[in-house]
Peer 1: 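First the structure, then my questions, so here it is.
When a ligand or atom number is given, it counts from 1 through the structure's own listing order. In what follows, every heavy atom counts, from backbone to side chain, and hydrogens, waters and symmetry copies are set aside. Please read these numbers as outputs of a predicted model, since none were measured by experiment.
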Amino acid sequence: MDAGEDNRTGDVVDRATGGATGREADEEPTIRIDGRTDGHGGRAARRDEAVRAAVEQGLLGPDTPIVGLLDVAGIRESAAALRAAFDAVTAPGTPVLHAFAVKATPLVPVLRLLREEGIGAEVASPGELALARAAGVPPSRTVLDSPAKTPAELREALALGIAVNADNPQELDRIDGLMRSATSRSPLGIRVNPQVGGGSIGATSTATATSKFGVALRDEGAREWVVRAYAERPWLTRLHAHTGSQGIPLSLLAQGVAETYALAEEINRRIGRPQIDTLDIGGGLPVNFGSDTETPTYAQYARLLGEAVPGLFSGRYGLVTEFGRSLLAKHGTVVARVEYAKSAGGRPVAVTHAGVQVATRTVYAPGSWPLRIAAYDGKGRPRTGAPVVQDVAGPACFAGDLLAEGRALPLLEQGDYAAALDTGAYYFAHHYAYNSLARPGIYGFTQDGAGEGVSFATVRGTQSLDEIVAESGGAHADALTTRRAPGRG
Ligand SMILES: *Cc1c(COP(=O)(O)O)cnc(C)c1O
């Protein structure tokens with residue numbers, strides 16, 4: 001089974017506090033990270049300790065009813081696993097840049113932590129580039145990929161020496177103009193869409209026939225255009241593809257890389273020199289949202305790539321990767337207080353402070369993005385008790401604002417906490433301003449010594465009401481009333 005299918009079924013393990021039972025890839029025993037099964041301070045045990053400590057230390061409570069928690073040790077482990085996976089398969093001396101897709105978790109301290117772990121940044125907007133720079137990620141370890149780069153963005157990237165992948169012929173025209181007027185250290189490439197097809201989630205499938213990204217390789221004349229583009233521009237030395245994200249089966253990801261590799265080989269052969277020296281294979285490793293088991297692993301993917309694309313790791317090409325979700329998702333937890341526990345039509349409903357503002361995709365597309373929910377009591381201890389089918393609702397004023405619908409969990413009571421697991425990527429860092437709900441504070445946690453205590457570092461403070469007013473036009477309160485309507489004298 002392709003691990004990428006995990007999200008298709010909506011078959012989420014509800015007993016987040018009851019051990020990992022998720023489906024596992026067949027090829028190798030996957031790493032058990034659930035603390036309750038390994039008993040060695042694994043991920044779930046660390047999470048439980050952090051939730052309890054957050055309540056004990058007053059980070060979470062009646063006046064601060066929602067926080068995001070990040071497991072610093074877990075992030076370091078994933079970064080190390082990524083590096084090790086590619087080190088194990090690449091020829092010695094192969095340059096490999098792992099560039100974290102900033103969009104997955106756009107938080108400066110996270111980017112700084114990853115930088116310290118040897119991970120660069122893939123950015124796709126002026127804001128993301130600013131975050132990477134604020135984190136101190138050097139231009140030589142930054143890649144710019146947005147599909148809508150303005151001339152000013154391109155000029156800045158080329159001046160800084162940031163790698164740029166041109167999305168389309170019009171963008172390449174703009175780069176031509178800039179390259180004529182100045183020299184640049186930027187490694188430059190073209191993004192292609194191998195059009196190998198989509199996965200189970202349309203919104204994250206980037207290699208469909210009509211995807212908006214890159215040069216659609218199978219369209220008439222496109223391949224010839226790409227070959228000519230390289231032949232005419234000796235400074236085009238990279239080739240880029242990102243086949244998709246969550247919901248894409250590993251085999252399809254590998255096929256996208258295989259097509260990209262074959263194109264690079266063809267280009268180099270036809271122009272008679274190894275002009276393309278680096279392949280950017282994108283990100284997209286899916287995440288198992290069904291349990292604490294990490295599957296698929298980077299090691300599995302790297303091995304699969306080695307089998308599917310012989311030559312990729314031979315050392316003839318340097319490599320860039322752009323993983324996002326798989327680096328951060330399992331290290332984040334949203335914890336929200338149950339403000340009220342009620343019942344409607346016979347169904348218990350826990351009204352919490354986590355909803356559409358922190359779990360936008362899950363609320364609007366619950367079939368594609370189910371999340372595990374863990375129940376904690378008012379002291380932050382895992383709730384035990386017989387599972388009861390209930391809804392876990394958010395605070396927003398529309399009926400569909402549900403984190404989980406009809407989920408069997410120990411019955412949540414007023415003053416308890418509900419935790420949405422695996423939310424370190426594309427969740428609490430992706431605030432949606434519905435109902436002017438505040439962005440929750442985010443704290444990184446580490447265990448001291450022999451698991452004796454948990455300490456927290458502020459990654460981002462809770463958004464204040466003043467900040468909400470300011471970003472909602474507070475400085476322009478009179479902007480509309482001081483103008484008279486035309487014709488009213
Ligand atoms: C979103 C994106 C990524 C990261 O995808 P993940 O599924 O988070 O690994 C990488 N590259 C590009 C170009 C992207 O758009």
Side-chain angles (χ1 to χ4, degrees), residues 2-4 6-7 75 78-79 81-82 85-86 97-107 110-111 114 119-125 127-129 131-132 142-149 157 162-168 171 189-194 198-208 211-215 238-250 252-254 256-257 260 279-289 294 296-298 300-302 305 319-332 361 368-369 422-427 429-430:
D2 280 306
D6 273 23
N7 245 24
I75 297 170
S78 284
L82 172 58
F86 280 78
L97 169 63
H98 297 295
F100 174 62
V102 170
K103 80 166 179 273
T105 311
L107 295 166
V110 169
L111 304 181
L114 290 172
I119 309 288
E122 184 264 353
V123 299
S125 71
E128 289 182 358
L129 176 55
L131 299 186
T142 303
V143 179
L144 174 63
D145 277 344
S146 130
K149 308 173 196 83
I162 287 169
V164 176
N165 290 310
D167 181 83
N168 58 66
E171 188 174 310
I190 294 177
R191 176 171 183 172
V192 293
N193 168 9
S200 62
I201 305 175
T204 54
S205 297
T206 48
T208 58
S211 162
K212 73 176 181 184
F213 294 105
V215 176
R238 291 190 172 185
L239 188 63
H240 174 225
H242 168 69
T243 298
S245 296
Q246 192 70 19
I248 305 284
L250 282 197
L252 198 63
L253 286 180
V257 175
T260 310
L279 298 178
D280 182 336
I281 63 171
L285 193 73
V287 163
N288 167 22
F289 284 94
E294 195 166 297
T297 62
Y298 288 121
Q300 286 168 340
Y301 184 45
L305 285 177
L319 295 171
V320 176
T321 73
E322 304 172 343
F323 296 104
R325 182 178 285 107
S326 53
L327 269 167
L328 258 295
K330 298 204 84 68
H331 310 306
R361 276 181 168 158
S368 294
W369 303 99
D422 309 319
T423 47
Y426 303 99
Y427 279 96
H430 288 63

Peer 1: I need the atoms of ligand 1 closer than 4.0 Å to a non-hydrogen atom of Glu122, numbered in the order shown.
Peer 2: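 This gives 11 (N), 12 (C), 13 (C) as the contact atoms.
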Peer 1: Looking only at heavy atoms, which two atoms of Thr105 and Gly424 are closest? And how far apart?
Peer 2: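 It is OG1-O, 2.7 Å.
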Peer 1: Which pair of non-hydrogen atoms, one from Ser205 and one from Gly199, has the smallest distance, and what is that distance?
Peer 2: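 For Ser205 and Gly199, the tightest heavy-atom pair comes out as OG-N, 3.0 Å.
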Peer 1: Ring centroids only, cut at 6.0 angstrom: are Phe86 and His98 within range, meaning strictly under it?
Peer 2: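 Ring centres of His98 and Phe86 closer than 6.0 Å.
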Peer 1: Please give me the minimum heavy-atom distance between Phe323 and Gly284, naming the atom from each residue.
Peer 2: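 The pair with the smallest heavy-atom distance is CD2-N, 4.1 Å.
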Peer 1: Where is the nearest protein heavy atom to atom 15 (O) of ligand 1: which residue, which atom, and how far?
Peer 2: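 Residue, atom and distance for the closest contact: Lys103 NZ, 2.7 Å.
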Peer 1: State, to 0.1 Å, how close Gly198 and Leu252 come at their nearest heavy-atom pair, and which atoms those are.
Peer 2: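 Looks like O-CD2, 3.5 Å.
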Peer 1: Would you check the N or O atoms of Glu322, main chain and side chain alike, for any that come under 3.5 Å of an N or O of ligand 1?
Peer 2: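 There is such a contact, yes.
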Peer 1: Geometry only, no angles: is Ser326 polar-contacting ligand 1 at N/O separations under 3.5 Å?
Peer 2: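 No, there is no polar N/O contact under 3.5 Å.
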Peer 1: Could an N or O of ligand 1 be found under 3.5 Å from any N or O of Gln246, whether backbone or side chain?
Peer 2: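 No, since none of the N or O atoms of Gln246 sits under 3.5 Å from an N or O of ligand 1.
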Peer 1: Go through the side-chain N and O atoms of His240 and Glu322 and say whether any donor and acceptor fall under 3.5 Å apart.
Peer 2: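 His240 vs Glu322: donor-acceptor pair found between side chains.
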Peer 1: Under 3.5 Å between any N/O of Gly324 and any N/O of ligand 1: does that happen in this structure?
Peer 2: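 The answer is yes, given that Gly324 and ligand 1 share an N or O pair closer than 3.5 Å.
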Peer 1: What atoms of ligand 1 come closer than 4.0 angstrom to any heavy atom of Phe323?
Peer 2: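 Near Phe323, meaning under 4.0 Å from one of its heavy atoms, ligand 1 has 9 (O).
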Peer 1: What atoms in ligand 1 come closer than 4.0 Å to a heavy atom of Arg191?
Peer 2: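 That gives atoms 13 (C) of ligand 1.
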Peer 1: If you round to the nearest 0.5 Å, how far is OG1 of Thr321 from CG of Leu285?
Peer 2: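 The CG atom of Leu285 sits 10.5 Å away from the OG1 atom of Thr321.
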Peer 1: Against heavy atoms of Asp145, which atoms of ligand 1 measure under 4.0 Å?
Peer 2: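 Answer, ordered by atom number: 13 (C).
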Peer 1: Say whether Phe213 and ligand 1 are in contact under the criterion: heavy-atom distance to a ligand atom below 4.0 Å.
Peer 2: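 Judged by the 4.0 Å heavy-atom criterion, Phe213 does not count as contacting ligand 1.
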Peer 1: Looking at Glu128 and Lys103, is any side-chain nitrogen of the basic one under 4.0 Å from a carboxylate oxygen of the acidic one?
Peer 2: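 Judged by the 4.0 Å cut-off on N to carboxylate O distance, Lys103 and Glu128 do not form a salt bridge.
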Peer 1: With respect to Ala101, determine whether any N or O atom, backbone or side chain, lies less than 3.5 Å from an N or O atom of ligand 1.
Peer 2: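 No, Ala101 has no N/O under 3.5 Å of an N/O on ligand 1.
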Peer 1: Given 3.5 Å as the limit, does a donor-acceptor pair link the side chain of Ser245 with the main chain of Thr204, or not?
Peer 2: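 Side chain of Ser245 to backbone of Thr204, a donor-acceptor pair under 3.5 Å: no, none is there.
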Peer 1: Nearest protein heavy atom to atom 8 (O) of ligand 1, by residue and atom, and its distance?
Peer 2: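 The protein heavy atom lying closest is Tyr426 OH, 2.6 Å.
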Peer 1: Which pair of non-hydrogen atoms, one from Val123 and one from Ala132, has the smallest distance, and what is that distance?
Peer 2: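 Reported closest heavy-atom pair: CG1-CB, 4.0 Å.
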Peer 1: Would you check whether Ser245 has a nitrogen or oxygen atom less than 3.5 angstrom from a nitrogen or oxygen atom of ligand 1?
Peer 2: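 Yes - when backbone and side-chain N and O of Ser245 are compared with those of ligand 1, one distance drops under 3.5 Å.
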Peer 1: Could an N or O of ligand 1 be found under 3.5 Å from any N or O of Arg325, whether backbone or side chain?
Peer 2: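 Yes, Arg325 has an N/O under 3.5 Å of an N/O on ligand 1.
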Peer 1: Just to be sure I'm reading this right: ignoring hydrogens, which of Gly284, Gly247, Pro147 gets closest to atom 6 (P) of ligand 1? Compare them by their nearest heavy atoms.
Peer 2: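 The nearest heavy atom belongs to Gly284.
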